[in-house]
Engineer: 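Below are the C-alpha cells for one structure; questions will follow.
Not measured: the values here are computed from a predicted model.
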Amino acid sequence: MSEYAGRDALCSVRGSARLAVTGLALAGAAWAVRAVWHIRLALAGEPASGPPDQGEGRHRPLNSLEDSYHLVSTAGSILTLVCAALFIGWLGRMRDNARALSGRPPRHAGIWVYVSWVVPVANLWIPRGIVADIHERSAPGRKLPVVVNVWWALWLAGLVTGVGLMYDGDTDDVIARAYHGVTTLLVADLAVVGAAVAAIVMVRALTDVQRVHIDAQLRTPGGDPLKETVRAFDRD
C-alpha cells in the first residue's frame, strides 16, 4: 500500500465513537434497571401460587411486578442489540483505519469482527484480540490501555455467570431465579453495567489515540495538512 493510498483509506471515527458511547450508556442503564427489578422481585418473594412456570407447559397469570419485569427485560434486550450494532460499527471503522495506518492486514479476518462475540470458545478471547490489534497498529510501541483489560474481565464475568448475557432460559425462569437466588443475577447485572462503563472509557481512549496518529499521517513532509481530508474529518 502506498503512502497516499493509506491516507485515502482513512476515515473519521468521531461520529461512530459518539454513537457507540451512546449505545453503551443506554445498554448499561437498561441492565441497571434490570438489577433494580431483580431486587424488587427478591424482596417481594415468590407468591403462594409458586413460580410463573408451573411445569408441564402450565403457566400461572403474572402479577403486576412480574409483568413489568417482562417489559424491562424486553426493553433491555432491544437496547443491548442496538448497542452491539453501534459498537461493532465503531470497531469496524477503527479496524479499517488501523490497517491503513500500519499498511499491514489485521491479525484476524474481517468476519471475526461480527461473529467472534457468539462463537463458543472464540468469544472468550478473539474480541479482545481485535481491540488490542487495533491499538497496536494504530499506535505502535504504545502500551495497551488498562481499561481494555478491565472491560474484557467484566465482559467475561457477565458472559460466563450463566445468568448474564448468554443465559438461555426464558424470562419466567429468570423471575424464578430472582425469588430463590438473586445474588447470581445481581453479580451478572453489575458485571454487565461495569463492562458498559469501562467500554465507554475504552472507546474514547482508543479513538483519541488513533486520531492523534491519523493527524500525524495526514500531514505532508512539509507539515501542511491534506486539507480536503481534514475537512472531511471535521464535518463528521
Side-chain angles (χ1 to χ4, degrees), residues 13-42 44 52 62-95 112-120 123-124 126-128 130-131 147-148 150-178 182-207 236:
V13 292
R14 203 161 39 176
S16 60
R18 284 195 294 262
L19 290 174
V21 166
T22 300
L24 287 163
L26 290 174
W31 280 81
V33 171
R34 281 172 60 113
V36 170
W37 252 254
H38 290 154
I39 294 172
R40 291 184 64 191
L41 288 164
L62 300 176
N63 60 36
S64 59
L65 181 58
E66 293 166 344
D67 198 41
S68 64
Y69 178 75
H70 272 263
L71 296 177
V72 167
S73 179
T74 299
S77 297
I78 293 172
L79 288 174
T80 300
L81 289 174
V82 171
C83 171
L86 295 175
F87 182 83
I88 289 173
W90 167 81
L91 196 64
R93 297 197 102 187
M94 289 284 289
R95 180 178 177 274
W112 286 110
V113 174
Y114 306 97
V115 305
S116 62
W117 306 90
V118 295
V119 175
N123 62 357
L124 300 179
I126 288 184
R128 180 200 172 277
I130 293 172
V131 171
V147 71
V148 174
V150 173
W151 158 70
W152 192 242
L154 290 169
W155 173 264
L156 289 181
L159 190 72
V160 303
T161 53
V163 292
L165 291 161
M166 298 300 288
Y167 179 61
D168 58 2
D170 63 21
T171 305
D172 286 345
D173 289 337
V174 177
I175 291 173
R177 282 175 176 257
V182 73
T183 301
T184 49
L185 283 171
L186 293 178
V187 168
D189 293 336
L190 293 177
V192 175
V193 172
V197 173
I200 289 173
V201 177
M202 179 185 71
V203 167
R204 289 176 170 171
L206 266 64
T207 300
D236 193 352

Engineer: According to side-chain contact (heavy atoms from CB on, under 4.5 Å), who are the partners of Val147, at least two apart in sequence or on a separate chain?
Structural biologist: Pro145, Ala198, Val201, Met202
Engineer: Please report the interatomic distance CG(Leu159) to CG(Leu124), rounded to the nearest 0.5 Å.
Structural biologist: 6.5 Å
Engineer: side-chain contact (heavy atoms from CB on, under 4.5 Å) for Asp173 and Asp170? Distances and angles first, verdict last.
Structural biologist: CA-CA 5 Å; Asp173 289 337; Asp170 63 21; 3.2 Å; yes
Engineer: If every non-hydrogen atom of Ala30 is compared with every non-hydrogen atom of Gly76, which pair is closest and at what distance?
Structural biologist: CB-CA, 3.8 Å
Engineer: To the nearest 0.5 Å, tell me how far Arg95 CZ sits from Ile88 CD1.
Structural biologist: 12.5 Å
Engineer: According to side-chain hydrogen bond (donor to acceptor under 3.5 Å, both in side chains), who are the partners of Trp112, at least two apart in sequence or on a separate chain?
Structural biologist: none
Engineer: Write down the atom of Cys83, the atom of Gly23, and the distance for their closest heavy-atom approach.
Structural biologist: CB-O, 3.4 Å
Engineer: Verify, without hydrogens or angle tests, whether Trp37 (side chain) and Ser73 (backbone) share a donor-acceptor contact under 3.5 angstrom.
Structural biologist: no
Engineer: Show your working on side-chain contact (heavy atoms from CB on, under 4.5 Å) between Val193 and Leu154 and close with a plain yes or no.
Structural biologist: CA-CA 9 Å; Val193 172; Leu154 290 169; over 6 Å; no
Engineer: What is the minimum heavy-atom distance between Leu24 and Ala196, and which atoms define it?
Structural biologist: O-CB, 3.7 Å
Engineer: Indicate the atoms forming the closest heavy-atom contact of Thr171 with His70, along with that distance.
Structural biologist: CB-CE1, 3.6 Å
Engineer: Will you find, in the side chains of Trp31 and Thr80, an N or O donor that is under 3.5 Å from an N or O acceptor?
Structural biologist: yes
Engineer: Taking side-chain hydrogen bond (donor to acceptor under 3.5 Å, both in side chains) as the test, write out the residues that go with Trp151, two or more places apart.
Structural biologist: none
Engineer: Between Leu26 and Leu79, what is the shortest heavy-atom contact and its length?
Structural biologist: O-CD1, 4.0 Å
Engineer: Could you please spell out the steps behind the side-chain hydrogen bond (donor to acceptor under 3.5 Å, both in side chains) verdict for Thr207 and Trp90?
Structural biologist: CA-CA 9 Å; Thr207 300; Trp90 167 81; 2.9 Å; yes
Engineer: Given the rule in the side-chain contact (heavy atoms from CB on, under 4.5 Å) test, do Val182 and Leu41 qualify, once you have shown the distances and angles that lead to the verdict?
Structural biologist: CA-CA 9 Å; Val182 73; Leu41 288 164; over 6 Å; no
Engineer: In chain order, what residues pass the side-chain hydrogen bond (donor to acceptor under 3.5 Å, both in side chains) check against Arg128, with sequence neighbours excluded?
Structural biologist: Asn149
Engineer: Are side-chain heavy atoms of Thr74 and Leu71 found at a separation under 4.5 Å?
Structural biologist: no
Engineer: Can you check whether Val13's main-chain N or O pairs, donor with acceptor, with Ser16's side chain at less than 3.5 Å?
Structural biologist: yes
Engineer: Excluding sequence neighbours, so at least two apart, what forms side-chain hydrogen bond (donor to acceptor under 3.5 Å, both in side chains) with Ser116?
Structural biologist: none
Engineer: Relative to each other, are the rings of His38 and Tyr69 parallel, tilted or perpendicular (30° and 60° limits)?
Structural biologist: tilted
Engineer: How close do Met94 and Leu206 get, heavy atom to heavy atom, and via which atoms?
Structural biologist: CE-O, 3.5 Å
Engineer: Give the intermediate values and the outcome of side-chain contact (heavy atoms from CB on, under 4.5 Å) for residues Val118 and Asn123.
Structural biologist: CA-CA 6 Å; Val118 295; Asn123 62 357; 6.0 Å; no
Engineer: How would you list, by chain and number, every residue that makes a side-chain contact (heavy atoms from CB on, under 4.5 Å) with Asp67, sequence neighbours excluded?
Structural biologist: Leu62
Engineer: Would you check if Leu86 and Thr22 make a side-chain contact, meaning some heavy-atom pair closer than 4.5 Å?
Structural biologist: no
